[in-house]
Amino acid sequence: MFRKEFADVITKTGMVPIKDLRPLVIDKDPGVISELGLLQFKFFDDVRFAKQIAESYNLTYIDLSKAKIPERIFKIIKKSDIIKHRVIPIQKNAKAVSIAVFDPSLIKEQALLTTVFQYPVEFILTNLSSWRDIFARVPESIEDVLDTVREIKGDSKKDDNIAEEDIGDDVIRYVNRILAEAFVQKCSDIHIEPYENNFRIRYRQDGSLVEAAKPPRSLMLPIISRVKILAQLDISERRKPQDGRIKLEIAGKPIDYRVSSLPTLFGEKIVLRLLDSTNLQLDMTKLGFEEKQIVVFKEGIHRPYGMCLVTGPTGSGKTTTLYSALAELNTIDSNISTAEDPVEFNLEGINQVNVKKDIGLTFAAALKSFLRQDPDIIMVGEIRDGEVGEIAIEAALTGHLVLSTLHTNDAPSTITRLVNMGIEPFLVAAALNVVVAQRLCRKICLDCKDVDTATTQEVLVACGISPASAAKLTIYKGKGCGTCSGTGYKGRVAIYEVLEVTPMIKEILLRHGSADEIKRQAIKDGMKTLRMAALTKVAQGLTTVDEAVSNSASDKF
């Protein structure tokens with residue numbers, strides 16, 4: 001809600017007419033910072049306003065638009081208190097906490113804010129747009145998020161043996177805490193694992209599994225049952241694998257969880273994959289492609305027909321790359337159909353089909369149906385066997401653009417993999433436009449980034465960097481801090497290998513050449529390998545040498 005005291009300050013300056021200010025002041029939603037609505041007015045100069053009131057109220061004005069504030073500083077107070085009091089901590093020393101404000105009337109609340117922070121406070125006035133940008137970086141606190149977890153109910157499946165009401169509120173809240181914590185920490189997966197003598201929960205964070213909790217083993221069955229109820233799985237069935245889906249709203253965001261149960265020796269292991277559609281990046285230019293790579297990839301997907309493939313291990317971002325390509329191609333004059341197992345995100349304007357093997361709706365069956373639906377573009381979630389591969393190739397050769405994925409180590413191996421499935425080399429050569437291989441490397445944590453003095457020049461040369469470049473290169477690593485939980489990494493960056501199927505590549509393929517031959521020729525044609533792409537990220541200071549090496553094969557033959 002817009003603070004009345006701040007409205008008085010604005011009114012006195014005369015920078016915003018009262019008629020424009022009134023709708024903001026009457027906004028009663030306590031979870032919204034209504035003052036940010038001032039930025040919608042083109043006539044409102046927030047920098048001039050901040051400088052004017054800094055002089056009037058004898059405050060220090062600082063432009064914080066480029067300030068690097070460690071994430072741990074934000075955690076001094078809860079996000080809900082930041083929203084309530086309109087103050088953001090930006091620095092802390094032995095004497096005081098420096099807080100960024102855009103409202104000079106908060107000076108009168110210094111005693112209250114000292115109590116909130118449990119520390120003396122110093123005010124730093126900044127302009128409203130800088131304050132907004134800093135606020136966007138403030139992470140949610142688990143306690144705040146926990147109270148926002150809401151189930152989006154579908155058709156429930158009841159079980160005679162264990163009813164939902166038999167699970168206590170403490171277990172429901174415990175499971176909600178697991179979901180909230182994974183959301184706050186931006187985890188991709190949650191693993192709930194039973195063993196003979198213990199029961200643990202792990203999160204996959206930035207590609208690595210970390211242990212989150214070890215609940216008492218007595219809570220194992222109630223926790224697993226609660227998750228299965230949410231996923232609408234058969235609670236009484238503990239001998240067969242099951243798949244389900246959970247739809248929740250957390251912190252106002254719709255979050256889907258893909259749930260898989262697997263019977264193990266000491267109970268069911270549950271894995272939940274988080275699918276946050278609000279974080280889905282559909283802008284191809286922001287995925288991490290290098291300039292030449294994105295040109296080649298775009299040329300491949302914008303051809304009227306042919307096949308474009310994306311390869312990489314599970315969790316390497318293949319779906320995001322394919323969805324970004326579909327978003328690029330999704331125009332009013334294109335008929336696009338996808339077969340996915342399962343559909344991860346709903347894309348407006350695209351006909352998406354969920355594969356269901358138990359009723360005979362396989363990738364092959366869906367593909368055959370697509371060809372009777374007057375398609376322009378087809379996306380197949382994965383080419384798993386020769387049957388699907390042959391139908392996809394046939395579609396690509398009969399005037400359709402086909403996008404799909406495979407599981408191989410690199411782009412050249414993808415081409416030979418299709419041949420090994422039993423597809424004739426001349427068909428692969430005729431149909432294939434471009435192949436993209438990708439990995440996700442962990443990014444160095446910005447809050448503890450430091451020069452890496454331990455990695456020698458000899459190590460860099462051994463990794464594939466030229467001696468001349470290695471001598472000039474400054475590389476970095478993360479020392480480990482509270483922001484990154486001591487790992488030295490925070491977030492991930494994609495590396496790509498984009499192989500254009502040139503006439504020379506086709507010639508090698510037609511004479512049954514090996515993946516190594518294709519790779520050598522692709523490099524001659526200008527392809528940057530995964531190792532080269534990873535080392536470029538090292539040179540840019542985005543990741544470490546260890547991370548680059550572990551996510552890319554050597555390019556030496």
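Just so it is clear, the model here is predicted, and its values are computed rather than measured.
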Within 45° cone of Tyr323 ring axis and under 6.0 Å: Lys318 NZ or CZ: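 Judged by the rule, Lys318 and Tyr323 form no cation-pi pair.
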
NZ or CZ of Lys92 within 45° of Tyr119 ring axis and under 6.0 Å: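 Output yes; distance and angle both within limits.
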
Full working for salt bridge (charged side-chain N to carboxylate O under 4.0 Å, His left out) between Glu193 and Arg200: CA-CA 5 Å; Glu193 303 170 315; Arg200 73 178 180 185; 2.7 Å; yes

Whether the side chain of [X] engages the backbone of [Y] through a donor-acceptor N/O pair (distance < 3.5 Å, no angle test) should be reported.
X      : Y      : answer
Asn551 : Glu547 : yes
Gln293 : Tyr496 : yes
Gln185 : Gln205 : no

Residue pairs, two or more places apart or on separate chains, that pass salt bridge (charged side-chain N to carboxylate O under 4.0 Å, His left out) and touch residues 343-361: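 Qualifying pairs: Arg258-Glu344.
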
Could you tell me if [Y] and [X] have a donor-acceptor pair between their side chains, going purely by distance under 3.5 Å?
X      : Y      : answer
Lys528 : Thr536 : yes
Asp516 : Ser514 : no
Tyr257 : Arg245 : no
Gln352 : Glu340 : yes
Thr544 : Asp546 : no
Glu382 : Ser404 : no

Contact between [X] and [Y] at the side-chain level, heavy atoms closer than 4.5 Å - yes or no?
X      : Y      : answer
Lys490 : Arg442 : no
Tyr476 : Thr543 : no
Ile301 : Leu403 : yes
Leu179 : Val145 : no

So with a 6.0 Å cut-off around [atom1] of [X], is the heavy-atom count from everything else above 12?
X      : atom1 : result
Lys269 : NZ    : yes
Arg137 : CZ    : yes
Gln540 : CD    : yes
Asp169 : CG    : no
Asn409 : CG    : no

Shortest non-hydrogen separation from Asp243 to Leu233 and the atoms involved: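 Looking at all heavy atoms of both residues, the closest pair is O-CD2, 3.2 Å.
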
Heavy-atom closest pair, residues Met220 and Pro194: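 Taking Met220 first and Pro194 second, the nearest heavy atoms are SD-CB, 3.2 Å.
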
Separation of Asn176 CG from Glu181 CD (nearest 0.5 Å):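 Rounded to the nearest 0.5 Å, the CD-CG separation comes to 13.0 Å.
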
